[in-house]
Amino acid sequence: MTRFLSRWIVLTIAAGVMVAVLPGMEAVGEPPILGIAAFSLFLALINASIKPVVQLIALPLSIMSFGLFALIINWLFMELASWLALSLFDVGVIIHGFLWAVIGSLVMAIVSGIVNAVIGD
């Protein structure tokens, strides 16, 4: 459970940086960190539960497309996390298009790596 909580905190920090840096991402909620935290919660739940299974099933397509299909999977999961947060809690992160989701996932991966290196997770 503590691993999940630390992962959620790391994702919240990474999503906060993503929303602050990218104009194609918009936090919904008052205060905005509430929307970012809800989005990160659902993203952490998706990453912990269904993402490994989907990536394993989609492995042949990812190999044939040289990893480009993995971008589509990341985009779909970011959109799913956004939709769940907005529909259940009326707060979240709005993603304005596929390109912003791809750039956002790259920003989140870089920031998550840095934060994980700092906290030693």
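Position 1 is the first residue of the sequence, and the numbers go up from there.
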Membership question, hydrophobic clusters at under 4.5 Å side-chain separation (ILVMFWY): are [Y] and [X] in the same one?
| X | Y | answer |
| --- | --- | --- |
| Leu5 | Val115 | no |
| Ile57 | Leu76 | no |
| Met78 | Trp83 | no |
| Phe77 | Leu84 | yes |
| Ile33 | Trp8 | no |

Any idea which heavy atoms bring [X] and [Y] closest together, and the distance?
| X | Y | value |
| --- | --- | --- |
| Ala85 | Gly92 | CB-CA, 4.0 Å |
| Leu11 | Ser112 | CD2-OG, 4.2 Å |
| Ala15 | Ile36 | CB-CG2, 3.7 Å |

Beyond-backbone contact of Arg7 with Asn116, side-chain heavy atoms, under 4.5 angstrom: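 Side chain of Arg7 against side chain of Asn116, heavy atoms only: contact under 4.5 Å found.
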Partners passing side chain to side chain donor-acceptor pair (under 3.5 Å) against Gln55 (at least two apart in sequence or in another chain):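 Gln55 satisfies side chain to side chain donor-acceptor pair (under 3.5 Å) with no residue once adjacent residues are dropped.
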Identify every side-chain donor-acceptor pair in residues 41-54 under 3.5 Å, counting partners at least two apart or on other chains, and give the distances.
{"residue": "Asn47", "atom": "ND2", "partner": "Leu43", "partner atom": "O", "Å": "3.4"}
{"residue": "Ser49", "atom": "OG", "partner": "Leu45", "partner atom": "O", "Å": "2.6"}
{"residue": "Lys51", "atom": "NZ", "partner": "Asn74", "partner atom": "OD1", "Å": "2.8"}

Partners passing side-chain contact (heavy atoms from CB on, under 4.5 Å) against Ser62 (at least two apart in sequence or in another chain):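 Per chain and number, Ser62 pairs via side-chain contact (heavy atoms from CB on, under 4.5 Å) with Phe69, Ala70.
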Residues forming a side-chain contact (heavy atoms from CB on, under 4.5 Å) with Leu59, sequence neighbours excluded: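 If we apply the side-chain contact (heavy atoms from CB on, under 4.5 Å) test to Leu59, skipping adjacent residues, the hits are Ile63.
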Linked hydrophobic residues, Val28 as query - side chain contacts closer than 4.5 Å: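 Result for Val28 is Leu86, Ile94.
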Validation: residues 96-109 side-chain donor-acceptor distances under 3.5 Å, sequence neighbours left out:
{"residue": "His96", "atom": "NE2", "partner": "Glu26", "partner atom": "OE1", "Å": "3.2"}
{"residue": "Ser105", "atom": "OG", "partner": "Ala101", "partner atom": "O", "Å": "3.4"}
{"residue": "Ser105", "atom": "OG", "partner": "Val102", "partner atom": "O", "Å": "2.8"}

Evaluation steps, side chain to side chain contact (heavy atoms under 4.5 Å, CB included), between Val111 and Met18: CA-CA 9 Å; Val111 172; Met18 174 189 71; over 6 Å; no
